[in-house]
There are 2 protein chains.
Amino acid sequence: MNVHILAATRRRDCVRARPQRASKADPQTDAAIHDAIARAVMDGSLRAGTKLAEHRLAAIFGVSRERIRKVLHRLGAERRIDIIPNRGARVPQPTVDEVRQIYEAHRVLEAGVLLALADALDDAFLARLDAHLAEEHAAAARGDRSASVKLSGGFHLLLVDAIGNPELSRILRDLLSRSSVMVSVYEPANQSICAVDEHGAIVEALRARDVGRAIDLSGHHFLHVEQRLRLDYAADAATDLEAVFRPRLAGKPARATASKRGDRR
Amino acid sequence: MNVHILAATRRRDCVRARPQRASKADPQTDAAIHDAIARAVMDGSLRAGTKLAEHRLAAIFGVSRERIRKVLHRLGAERRIDIIPNRGARVPQPTVDEVRQIYEAHRVLEAGVLLALADALDDAFLARLDAHLAEEHAAAARGDRSASVKLSGGFHLLLVDAIGNPELSRILRDLLSRSSVMVSVYEPANQSICAVDEHGAIVEALRARDVGRAIDLSGHHFLHVEQRLRLDYAADAATDLEAVFRPRLAGKPARATASKRGDRR
DNA sequence: CGCCGCCAAAATGTGCACATTCATGCCAGT
DNA sequence: ACTGGCATGAATGTGCACATTTTGGCGGCG
């Protein structure tokens, strides 16, 4: 376990930390640190399960430990990292089931959004959707996975933003940002997270003012993602076996093999 | 302004603080303090705009200031109180528009919930809804407003919990708890926040497996609430005028009269 | 007479040092 | 040789003291 933690930590140091920038006397505002860590967690630069030690981060960012502490606790309150009392913070290691719940939640709520969207539909908005689809296509065409993931999320944000309710936008934005974490864990690298065509079909349904179909399509869209997650999980179970038994060798024996990730919170 | 704050603060002291309990050597766990403040904010014991001074709360709860500080920042992250850097924490003073947004969000999202609920509908669940309606009726009959508000929120929680997605439940629970704050500010005391009959109509639609009607009813239900809020606002505008000009007398001139509450965040 | 700028008090923010808790490795006992 | 308890060390949690910012009041100046 020692080895595992050290390896992961060292990886973090070189992937995200940019210590030289941090050690410049730049005061590094709270928000900047918050965003840096949140982004690193979300885009997968930090491996799931990585420990986020306070003094180490403090050294990396060149600020006091209390500062990091505050940020870490805030991230914990936002459910972006896991904090265990007296045991510190870790990059969350979502269960397949948790991931599924996030996607299901998104699916359920987006149905409501689409229903409400019926009133806000106008040509200008449809044109914006078309433009977005074009961008998605372009990114997919040149194989830019990072852009694809981002744009793919942006599509759903575009939908909810059209309602013009900041509160609503914030809720779905949170949901989306949390599901982004999981993409990096469970999604195979060669698949785009949302099929562009499925987005296109939703737009067509909206253009035809057929909200019912749009909802159906959106639902199936999310179900596809969920389903693919489960398949992927089964596919690389062999690889995962190693992760299953690693904790048992070093730490206290895990409570049960089957619940290896289920008893975190 | 001084007078206003002092009055509000004094009121807080006697309404919620229970200083004698706090000064008992009871260590008062973080969660307990968090809940105490959150509840006080939510149920209206604390007047909107009341300042939550750290050292004062520390004295009241009999803990160190840092403890309060942590809790306050957490409450701020949860959007349950407003925190302005270097200016401390205050009980939020929601704009009518913000309240409307919360209700609109709830309305939009609950439509999705009802759609998803179609799959989870069984007789046991309908029976539970009936039982809940009976409770609501009972509370309304004996004029127990506090119980009514609580049960009324519980109805919507019952709906979302039926889907069995904890993540979804958490999101709507948050939304509901935030709208509870506003009830105390804008709702007249003699009206129940959710008409029991409207809840009953939704249940009937569900029983008939007519999800479309249930969504319609739910939508109108929330629209009623929103509408009533606006009427109430217009009704006591005279009282509010005083609040409009008070900040200008004491503090820096407000940026604009119309945005008196809109520029808080 | 009114306005601008300064001063002091109070409240928040921050860093430091100490207390507490948890994990790991060692040693003794069976 | 293995299990159990114990000690040590590292990491987190907490309180205290100081720095910074804001606010309300006051005096001088235009």
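Just so it is clear, the structure is predicted and the values come from calculations on it, not from any experiment. Proteins get letters first, then strands, A, B, ... in listed order; numbering begins at 1 in each.
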Next item on the list: Sequence neighbours left out, what passes salt bridge (charged side-chain N to carboxylate O under 4.0 Å, His left out) with A:Asp174? Give chain and number order.
Entry: A:Arg170

Margin query: So if I apply the salt bridge (Lys or Arg N to Asp or Glu O under 4.0 Å) rule between A:Glu54 and each of A:Arg87, A:Arg65, A:Arg67, which one comes out positive?
Written below: A:Arg65

N/O contacts under 3.5 Å, protein versus nucleotides 10-14 of chain D?
residue, atom, partner, partner atom, Å
D:dT12, OP1, A:Glu54, N, 3.4
D:dT12, OP2, A:Glu54, N, 3.4
D:dG13, OP1, A:Asn86, N, 3.0
D:dG13, OP2, A:Arg69, NH1, 2.9
D:dG13, OP2, A:Arg69, NH2, 3.2
D:dG13, O5', A:Arg69, NH2, 3.3
D:dG13, O6, A:Arg65, NH2, 2.9
D:dT14, OP2, B:Lys70, NZ, 3.0

Notebook entry, point to check: For B:Ile81 and B:Arg90, which heavy atoms make the closest approach, and how far apart are they?
Noted result: CB-O, 3.6 Å

Next item on the list: Using salt bridge (charged side-chain N to carboxylate O under 4.0 Å, His left out) as the criterion, list what pairs up with B:Glu78, not counting sequence neighbours.
Entry: B:Arg74, B:Arg80

Check: Under 4.0 Å between a Lys/Arg side-chain N and an Asp/Glu carboxylate O for B:Arg173 and B:Asp161?
Finding: yes

